[in-house]
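To start, the structure itself, in structure tokens.
Throughout, protein chains are lettered first and strands after them, A, B, ... in sequence-line order, and every chain is numbered starting at 1. Only heavy atoms go into these numbers, but all of them, side chains included; no hydrogens, no water, no symmetry mates.
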Amino acid sequence: VKFMHALGVVGVCMAATTFTTNCLAAEVKVAKPSFEGVWQIDHAVKTLKTADGQVPPLNVAAKKLYVQRVAKFRAGDAKSFDNTLLCKPMGDPRTGYEGQPFDIVQGADTIFVGYTWNRMVRFIYLKDTHSELLGPTYYGTWIGKWDGAALVFDGIGFNDSTLLDAAGMPHSDDLHVVQRLSLKGGGNTLTIQTTFDDPKTFTKSWTAKHTYRKLPGAVIQEDVCPLRLKLDIH
Amino acid sequence: MKHIALAVLGAVLTMPCLAQVSRPIQKELETAPVQFRAEVTGDQSNAGFERRTAPPGMKPGTDAHDFTGAYTTAEGTGGRPPPSAPPPSAPPPPSSAPANGTSTGQTANRGCVPDMYVGIASPTHVVTGRDVMVLVREEGHRVRRIYINGTHPKDLQPSIYGHSIGRFDGDTLVVETVGLKSGMTLVERIRKVDGGRLVETTANGGAMLANWRPDLNYVEDICEDSGELFGRQYKTKDWQKQDTAQ
């Protein structure tokens, strides 16, 4: 009798556990939303701030340089440090801060982010580890994974010629960026929480948070930087 | 008696739940795009695609409507039309597009101004989404978007890539592009062949083949670096030394 009772209890417990796990798994599976569409940031970013509105924790050297650049930027003299004015790639995550629309195309195991600015792109491969490091490159090497209904992107391999904002915030080749994408408002509002980790530039890791609105029916307009800026690049 | 009932209840509840756990996992394994089933390993750092080798044992996906993956021009075809098609050197007739996967000649790819291209060729990365299929050629970051079952906008302004919509005719994606600067209407037919190891694009009677390359991830090829490849020769701003010197 005791054995039967124990067996029954074990069975019920296993059923409950399995049911719970299964339901959670089913919920995660069902809850994977579509991030596909055209998006635009609510407020374009020129000087990047932490999620609570503070200046990021730059180390002494980086802070000194950034202060100089911000002064130049505000004086309308960004050419001395901003290569995008020569149509060099803007890099990530800055391109998502500038205010132009971008789209997300969501494949089963690959996410595409396509920016308006000079047709820049980023591919995020949904897998667990960075198996291939090609770079450093302007847009880095990205992997991603689902965390419930959120997508988490992990980027490394950025070259240090790009900036984190239009005012010239620097970073090094050691930059590690983690972005957490989540939806609300019926899927019409995208929140991207970005964590920056770069020991050569910052005294500690820090997080920024931005929201984007969906632009239903919009298409990404064709942008050719050298034509827009009337540059002759051969 | 109640213990027996409890045991039976536990067993009854347990078995289907366990079965439900295993089902989606197996299904996911069967349907997952194959290029992500195995890790890509080997000496690939700082290498162009020519140095990378395909991981052994990988097979193309079975979904004929999902072109997601990387492709390069199939060896032996050179991306050129088959013998039955017009020779690649022949000038395209007016208001037609080339069928060899090269540019349309609307604009030269000079001054880092991209040009239109046809289909999937060397090296092109495809992501198939719910409503959009995007094709990205590494060279010059040339991006085309095909809106699946979409419609053309009424107020379309002429552009280099125009506006493309696609619908499936069986397992063939039929793509119509309008709004090109030339004013032409381009129709392409794209389908997987050889079990997905190749993708064939036909347009205007010509055809081109591209190899599915599961070993390739997207690599930046930035024209604005004046021909420098893969972003490796970017101009480094050694701001830390610069700052120290100040």
Taking every heavy-atom pair that is under 4.5 Å apart, which of I104(A), V105(A), I111(A) has the most such pairs with chain B?
V105(A)

Return the option, out of Q106(A), Q221(A), E222(A), with the maximum number of heavy-atom pairs under 4.5 Å with chain B.
E222(A)

Any chance you could measure [X], atom [atom1], to [Y], atom [atom2], to the nearest 0.5 Å?
{"X": "I222(B)", "Y": "T137(A)", "atom1": "CD1", "atom2": "OG1", "result": "8.5 Å"}
{"X": "E220(B)", "Y": "F123(A)", "atom1": "CD", "atom2": "CZ", "result": "11.0 Å"}
{"X": "T110(A)", "Y": "D66(B)", "atom1": "OG1", "atom2": "CG", "result": "9.0 Å"}
{"X": "I124(A)", "Y": "N217(B)", "atom1": "CD1", "atom2": "CG", "result": "11.5 Å"}

Side-chain touch [X]/[Y], heavy atoms, less than 4.5 angstrom:
{"X": "V132(B)", "Y": "F112(A)", "answer": "no"}
{"X": "D109(A)", "Y": "T68(B)", "answer": "no"}
{"X": "Y218(B)", "Y": "Y125(A)", "answer": "yes"}

For the residue pair C112(B) and V224(A), what are the closest heavy atoms and their distance?
O-CG1, 3.9 Å

Counting only non-hydrogen atoms closer than 4.5 Å, does V136(B) touch chain A with its backbone (N, CA, C, O), its side chain (CB onward), both, or neither?
side chain

Working note: R145(B) + V219(A), criterion side chain to side chain contact (heavy atoms under 4.5 Å, CB included); need CA distance, chi angles, decisive distance, verdict.
CA-CA 9 Å; R145(B) 294 172 174 85; V219(A) 296; over 6 Å; no

Check the pair N118(A), E224(B) against side chain to side chain donor-acceptor pair (under 3.5 Å), reporting the backbone distance first and the verdict last.
CA-CA 10 Å; N118(A) 207 26; E224(B) 288 77 3; 2.9 Å; yes

Mark yes when over 12 heavy atoms from residues, nucleotides or ligands other than K192(B) sit less than 6.0 Å from its NZ; otherwise mark no.
yes

Under 3.5 Å donor-acceptor, R119(A) side chain and V143(B) backbone
no

